[in-house]
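For reference, the structure is listed below as structure tokens.
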Amino acid sequence: MRVLLVGAGGVGTAITRIAARRRFFDAMVVADYDPARAEAAVAAVGDDRFAAAQVDASDETAVTELLRRHACDVLLNATDPRFVMPLFRAARAADATYVDMAMSLSHPHPERPYAECGVKLGDDQFARAEEWEKAGALALVGMGVEPGLSDVFARYAADELFDEIEEIGIRDGANLTVDGYDFAPSFSIWTTIEECLNPPVVYEAGRGWFTTEPFSEPEVFDFPEGIGPVECVNVEHEEVLLVPRWVDAGRVTFKYGLGKEFIDTLRTLHLLGLDSTAPVTVPGPAGPVAVSPRDVVAACLPDPATLGERMHGKTCAGTWVRGTKDGAPREVYLYHVVDNQWSMKEYGSQAVVWQTAVNPVVALELLADGAWSGSGVLGPEAFPARPFLDLLTAYGSPWGVREQ
């Protein structure tokens, strides 16, 4: 397997450090708009299977040419969701397998944004599923931690733990703190704003997908391994759009443990228009400059990848499932916890980016050895869960199941 990894930020760099310990691939080209970031990621692993390159992820032609030049048969997208579609199309043009950790962007319903779906997450990719299937090519979408591992948990629950599932709820929480910062998101603020301020999507059997108000349906969820109770709210996320395509469930939700301060900050950004991606014109030394307010917010905050030494605590990703088994009610929480102290010591990557990065590497290994295979645009739920969970444990990062 020859892999083109596009994006050498926190997650991309963590991917190189995890992959360097495995032997399933022959080469990995690490490409970024900033060549220095790609070169730094490659230099850090000291492995001659890795090479650095420069590419603009929005330039579909350039990405296609890079795939062909290095004879890469897989494109792994570690950029933010703005670049999903050009990279997705470039992989198809180069006849390469495509893997991402976030799906194509949504667009709210123009008239009833908090009741009806407009363009849903992933719609632009699923619209081209037939093209991929006819070509015998695979696009594995949403293969990070959430979405990704959370979807694998849903598949595992359906196959091995339940006869009938009434509800699946992805629940994400942490007790992470960052020394020296009053507000320092542990993941891309650009992506966090996108998913938290867009209308959350809920799925119900018989009704299908619909939307609600941001931060709706608050609940306190007790997270394992010492994290404890965290208030979680509805957030737009890919699992709600992926799980019902392959797993029968009466209801599917995604709730994120944000906390009051984080929610208040996001609401203030929205009130001031600082969540907007539409450029505004501001004065500059050489004259007027068009900038995106959201890009300015991101530039003013610390890079999440650099916070590891200041960060303390654990992050938990998991899937809560309620239903019946052998005629009796059952309720479980399948989860994966990463301690920042461990991930920094073992890989030099902070917990949130490491937890995101390990899952696509596991998936690539399963594709390389044939344990996972398929064609079309497929989510993690389309594949058997047990090989993934066994290999994740073999990577030194076990998962757990808690009876509720």
Side-chain angles (χ1 to χ4, degrees), residues 81 84-85 100-129 141-142 144 146-148 150-151 153-155 157-158 162 164-173 191-221 231-258 262-263 266-267 270 275-277 317-324 331 333 377-382:
V84 163
M85 288 312 294
D100 66 26
M101 291 164 270
M103 296 169 65
S104 58
L105 292 171
S106 65
H107 302 284
H109 191 281
E111 297 168 356
R112 304 184 68 210
Y114 303 126
E116 297 181 29
C117 295
V119 175
K120 301 186 298 300
L121 290 168
D123 273 359
D124 292 343
Q125 290 170 285
F126 282 115
R128 301 187 66 169
V141 297
E146 292 174 336
S150 51
D151 304 75
F153 283 150
R155 175 80 273 158
F162 290 85
E164 184 175 349
I165 293 176
E166 298 169 18
E167 186 168 0
I168 294 175
I170 315 305
R171 299 294 184 264
D172 177 305
T191 303
T192 302
I193 289 172
E194 180 73 16
E195 61 192 23
C196 291
L197 292 178
N198 276 352
V201 179
V202 174
Y203 173 85
E204 291 182 357
R207 182 177 178 181
W209 289 291
F210 61 94
T211 57
T212 70
E213 295 276 349
F215 315 120
S216 59
E217 298 182 359
E219 67 175 62
V220 175
F221 192 86
E231 185 175 75
C232 299
V233 293
N234 277 325
V235 166
E236 180 191 49
H237 231 254
E238 286 90 343
E239 292 94 328
V240 179
L241 288 312
L242 286 171
V243 169
R245 297 176 188 268
W246 289 281
V247 177
D248 289 332
R251 194 170 197 261
V252 182
T253 60
F254 180 98
K255 292 188 180 182
Y256 196 3
L258 293 171
F262 205 116
I263 290 173
L266 291 173
R267 283 178 166 153
H270 179 64
D275 60 322
S276 174
T277 59
T319 303
W320 165 75
V321 187
R322 177 172 59 86
T324 57
E331 187 177 335
Y333 182 59
V377 178
L378 303 178
E381 304 87 347

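These numbers come from a predicted model, not from an experiment.
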Residues at least two apart in sequence or cross-chain that pass salt bridge (charged side-chain N to carboxylate O under 4.0 Å, His left out) with Glu194, listed by chain then number, are Arg294

The side chain to side chain contact (heavy atoms under 4.5 Å, CB included) partners of Asn234 (sequence neighbours excluded) come to Pro200, Val202, Thr212, Ser216, Glu217, Thr253, Lys255

Tell me every residue that passes side-chain hydrogen bond (donor to acceptor under 3.5 Å, both in side chains) with Arg128, counting only those two or more places apart in sequence or in another chain.
Glu131

Hits for salt bridge (charged side-chain N to carboxylate O under 4.0 Å, His left out) against Asp123, two or more places apart or cross-chain, chain-then-number order -> Lys120

For the pair Tyr333 (side chain) and Arg171 (backbone), establish whether a donor and an acceptor sit closer than 3.5 Å, ignoring hydrogens and angles.
yes

For Phe126, enumerate each residue passing the ring pair (Phe, Tyr, Trp, His ring centres under 6.0 Å) test, keeping only those at least two apart in sequence or located in another chain.
none

Give a yes or no on whether the backbone of Gly142 and the side-chain of Glu238 come within a donor-acceptor separation of less than 3.5 Å.
no

How close do Pro147 and Leu242 get, heavy atom to heavy atom, and via which atoms?
CB-CD1, 4.2 Å

Would you say the side chains of Glu331 and Trp320 form a donor-acceptor pair under 3.5 Å?
yes

Can you sort out the partners of His107 under side-chain hydrogen bond (donor to acceptor under 3.5 Å, both in side chains), two or more places apart, ordered by chain and number?
none

Check salt bridge (charged side-chain N to carboxylate O under 4.0 Å, His left out) between Glu204 and all other residues, then give those that pass, not counting sequence neighbours.
Arg251

Any residue meeting ring pair (Phe, Tyr, Trp, His ring centres under 6.0 Å) with Trp246, in chain and number order, not counting sequence neighbours
none

Examine distances only and state if a side-chain atom of Thr319 and a backbone atom of Ile170 form a donor-acceptor pair shorter than 3.5 Å.
no

Just how far is it from atom NE2 of His237 to atom CG of Leu121, taken to the nearest 0.5 Å?
8.5 Å

With sequence neighbours left out, the residues meeting side-chain hydrogen bond (donor to acceptor under 3.5 Å, both in side chains) with Glu381 are none

Sequence neighbours excluded, which residues qualify as salt bridge (charged side-chain N to carboxylate O under 4.0 Å, His left out) partners of Arg112?
Glu116

Could you list the residues that satisfy side-chain hydrogen bond (donor to acceptor under 3.5 Å, both in side chains) with Asp151, not counting sequence neighbours?
none

Tyr114 meets the side chain to side chain contact (heavy atoms under 4.5 Å, CB included) criterion, sequence neighbours left out, with Pro199, Glu213, Pro214

Please say whether more than 12 non-hydrogen atoms of neighbouring residues, nucleotides or ligands are located less than 6.0 Å from NE2 in His109.
yes

